[in-house]
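Read the structure below first, then the notes.
Lettering follows sequence order; numbering is per chain, from 1.
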Number of protein chains: 2
Amino acid sequence: MFMQSLTLSEKATPMTQNNERYQIRAVDRALRVLTLLADGEPRTLMELSDALELSNSTTFRLLSTLASYNFVQRDEASGRYHLGLATLELARSFQLSNPLQQIALPLLRQLRDDTAETVHLAVLDQMEVVYLEKLHGLHAVGLMSSQVGARLLAYCTGLGKVMLAFSDPQAVREYASQVAYVRFTPTTLTSVETLLGELHAIRAQGYAFDRGERESEVHCIAAPILGPNGRLEGALSVSGPASRMHPVEEQGEHIQKLLATARGISNLLGHRAGQPPAYADISFNHSQAR
Amino acid sequence: MFMQSLTLSEKATPMTQNNERYQIRAVDRALRVLTLLADGEPRTLMELSDALELSNSTTFRLLSTLASYNFVQRDEASGRYHLGLATLELARSFQLSNPLQQIALPLLRQLRDDTAETVHLAVLDQMEVVYLEKLHGLHAVGLMSSQVGARLLAYCTGLGKVMLAFSDPQAVREYASQVAYVRFTPTTLTSVETLLGELHAIRAQGYAFDRGERESEVHCIAAPILGPNGRLEGALSVSGPASRMHPVEEQGEHIQKLLATARGISNLLGHRAGQPPAYADISFNHSQAR
DNA sequence: CAAGTAATTTTCACTCAGTGAAAACTTTAT
DNA sequence: ATAAAGTTTTCACTGAGTGAAAATTACTTG
């Protein structure tokens, strides 16, 4: 029996014991249905059966069960299944109950109002950036394609880089050496060396720049959020169009406000001023993953 | 064996054959875990076992499986489980792939820009309103508590009332006669008679008012979105503070823009101008549910 | 609009996946 | 330290979940 999960868990989680055991097959299959449908492509019963390599009666029952809770619904016209309303409702619950968001939101609002630019909150998951919150700046909206719930590569975003810089150096080296670098714009970092160098610099100054590395027109500054014991909890950023944010290194006022907000959130999470980050700078750890 | 689903399906769905059969027990249990956690309260393994009346080994395996796909995660500090990142990612997929949202979004943006007020998109599910989209007006934000993914009572919101007015009269009567009316504000409708009367009036004029019936300070106008065969697909609204929207009946310009947008979306969904709604006005159907 | 085709829904019998009880192990309280 | 409470793992049993195939329904197409 094999297992895939598209969104995550390419390999067993490192710290905690390996899962894979203690899994319920039927539930696993149901969740595979959901992750499959999460690509946005509506599918018929048979298409799902084929893709999951399950008999159509099994797929039918999985879908019936999921549908009874509104996790999927069937479009009457096309006969295709797609994700249902319950996914929206769950996401709202997640956001309301997530401690990081509860704590960060008021400060993020303040930061947005103070800078008038778009503010993001994100976490690092499986070495990828996932946006938790996006507060639009007061200028024309819609130019920035970021979305809450979206998953982005870490090496080409300010948020990603700053979180990598405060993560386990061992794991980051591993990641940096095997990720597929894509040059989205002229400023995208596309090699292990430049990325690790950049992470070192970010760690030294305590925040990151994004000079249009993912979208040429979007520049940003990003800072880490730390919790108890200096553990990385997430990151936040202030982003704007190149026209207003360039050169991004000279947005002194924005940088100060960003850092103050990041420190404020970190404190509320239980990080004590002066306590060092949980991990050493990446340049100080040269041991190889064995 | 019993079954509950908190969010929905209090009784078997009326049109389609009854489910309950063709359900996979293990999947059903997993989804009950998620709906339980959707109240935002993080829970320990044992709390969940007790609440679901399952052995802790079963609950443990359910949680392990859910966690391996990031549907739940365990807070290391408290040892409690709460919803995980995957819920956010699924919700994003839902929004991106939902035909109604794809089609409506550009027109909603236009409406927001034209009115400068907050615009909502919602659907009716199990006689309740679920918000799909919220576009903030250009004025100070944060005054309106509505949230994407939130579920609201239908009788006390403009969106809910307008959708009821275009739904199956049989089902609406049934609903109106048994719902628990709560007086949130002085203008809340709190009896079957006033509600049905209001629905009749709404049907006649084609759109609804909300005179602060849920939150005194929030007034709104709402219009239905119809699809092929005049079936109700959802509704949209323009909302603002009483200070700007009062008296709401005299927001002629906003009403015209709202109706034009609703018709535009309906057309794109396949509703042909002139085609009547799928259901008759509530006052013309006096037959009882047998 | 009938005959044919494809997809969905239901039945059914088999058997192994999912189950709870209880044991082993961890963590937290005292 | 020891005890108490919670979590993870083992284990043997059996009925829940399974796929094959039949029945039904929804689409094509001549």
- [ ] Would you mind classifying the nucleic acid contact of R80(A) as base, sugar-phosphate or nothing, using non-hydrogen atoms under 4.0 angstrom?
- [x] nothing
Open item on the list: In whole Å, I'd like the distance from the CG atom of N56(B) to the C1' atom of dG18(C).
Closed with: 15 Å
Open item on the list: It should be established whether R25(B) places a side-chain nitrogen or oxygen under 4.0 Å from OP1 or OP2 of nucleotide dG15(D).
Closed with: no
Open item on the list: Using only atom types and a distance under 3.5 Å, with no angle test, would you say the side chain of S49(B) pairs donor to acceptor with the backbone of T59(B)?
Closed with: no
Open item on the list: In the structure I gave you, are the side-chain heavy atoms of Y131(A) and L152(A) within less than 4.5 Å of one another anywhere?
Closed with: yes
TODO: Take the protein atom CE of M46(A) and the nucleotide atom P of dT8(C), then report the distance between them rounded to whole Å.
DONE: 6 Å
TODO: Would you indicate what L45(A) reaches in the nucleic acid, counting non-hydrogen atoms under 4.0 angstrom: base, sugar-phosphate, or nothing?
DONE: base
Task: Note, L132(B) side chain near F94(B) side chain (heavy atom, < 4.5 Å) - done: yes
Open item on the list: Any heavy-atom pair between the side chains of R203(B) and P224(B) that's under 4.5 Å?
Closed with: no
Open item on the list: Nearest whole Å is fine: how far is dG6(D) P from D50(B) CG?
Closed with: 9 Å
- [ ] Give the rounded distance in Å between these two atoms: CD1 of I24(B) and P of dT19(C).
- [x] 11 Å
TODO: Starting at atom CD of E53(B), determine the distance to atom P of dA21(C), rounded to an integer number of angstrom.
DONE: 13 Å
Task: Atom-to-atom span, CZ of R61(B) to P of dG17(D) - whole angstrom - done: 13 Å
Open item on the list: Between E76(B) and L54(B), which residue's closest nucleotide on DNA chain C lies nearer the 5′ terminus?
Closed with: L54(B)
Task: Atom pair distance, as rounded to whole Å: CG in L52(B) and P in dG18(C) - done: 18 Å
Open item on the list: If you assign each of F60(B) and V27(B) to its closest nucleotide in DNA chain D, which residue comes earlier from the 5' end?
Closed with: F60(B)
- [ ] Select from R74(A) and T59(B) the residue whose nearest nucleotide in DNA chain C is closer to the 5' end of that strand.
- [x] R74(A)
Open item on the list: For dA22(C), does the base pair up with any side-chain atom of S57(B) as donor and acceptor (N or O, under 3.5 Å, distance only)?
Closed with: no
Task: Side-chain touch E47(B)/Y81(B), heavy atoms, less than 4.5 angstrom - done: no
Task: Interatomic distance, L63(A) CG vs dT18(D) P [rounded to whole Å] - done: 12 Å
Open item on the list: Looking at dT10(D), I'd like to know if its phosphate oxygens (OP1 or OP2) sit under 4.0 Å from a side-chain N or O belonging to Y22(A).
Closed with: yes
